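Working notes, structure below.
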Amino acid sequence: MQRVTTPPEPRPTPDALTALSFVLLAALAGLLLWPLISGGAAPSPYLIGALLLARLGVQLLRARRDPRLRRPVSWALDLLIIALIFNVASRQPS
């Protein structure tokens, strides 16, 4: 008895907004991990907050295209974290 095998289905490639979201996450991870690895100075909280804000914008754009991605509680939590980051950044001495 001969077994017939079919080639596996190719994985769908992510769309541009999903790829951009992953790039923003990778940039955040790199910025936050680099000081731990190298022992250097921490990145600016304003830069971290701006990248998180940009990622939130990408998430909102993705949700407009796909209703399954609508997660308002997650967006509210992201906004709270971003506000806390900007609050801490504004209280740091210059």
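Quick caveat, the model's predicted, so the values are computed rather than measured.
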Next on the checklist: Grouping I, L, V, M, F, W and Y whenever their side-chain heavy atoms are under 4.5 Å apart, do Leu61 and Leu51 come out in a common cluster?
Outcome noted: yes
Checklist outcome for this item: Tightest non-hydrogen contact, residues Pro35 and Ala42, listed as CG-CA, 3.9 Å
Checklist entry - Is there a chain of hydrophobic side chains (I, L, V, M, F, W, Y, each step under 4.5 Å between heavy atoms) that links Leu69 to Val23? => result no
Item to check | Nearest heavy atoms of Val58 and Ser21, plus distance in Å | outcome: CG1-CB, 4.0 Å
Checklist entry - Would a 4.5 Å heavy-atom cut-off, applied to side chains only, mark Thr18 and Asp15 as touching? => result yes
Checklist entry - Does some side-chain heavy atom of Arg65 sit less than 4.5 Å from a side-chain heavy atom of Leu17? => result yes
Checklist outcome for this item: Rounded to the nearest 0.5 Å, the CZ atom of Arg62 sits from the CZ atom of Arg55 at a distance of 8.0 Å
Checklist entry - Does the side chain to side chain contact (heavy atoms under 4.5 Å, CB included) test come out yes or no for Leu36 and Leu33, once each step is laid out? => result CA-CA 5 Å; Leu36 296 173; Leu33 285 175; 4.1 Å; yes
Item to check | Interatomic spacing from CZ in Phe86 to CD1 in Ile81 - rounded to 0.5 Å | outcome: 13.0 Å
Next on the checklist: Please report the interatomic distance CD1(Ile85) to CD1(Ile48), rounded to the nearest 0.5 Å.
Outcome noted: 7.0 Å
Checklist outcome for this item: Tightest non-hydrogen contact, residues Pro43 and Leu31, listed as CG-O, 3.4 Å
Checklist entry - What distance separates Ile37 CD1 from Leu32 CG, expressed to the nearest 0.5 Å? => result 11.0 Å
Next on the checklist: With a 4.5 Å cut-off on side-chain heavy atoms, are Leu84 and Val88 touching?
Outcome noted: no
Checklist outcome for this item: The complete set of side chain to side chain donor-acceptor pair (under 3.5 Å) pairs with one or both residues in residues 71-87, sequence neighbours excluded, reads Asn87-Arg91
Next on the checklist: Under the side chain to side chain donor-acceptor pair (under 3.5 Å) definition, can you give me all pairs with a residue in residues 34-51, not counting sequence neighbours?
Outcome noted: Trp34-Ser38
Checklist outcome for this item: Output for pair (Leu24 CG, Leu56 CG), nearest 0.5 Å, gives 11.0 Å
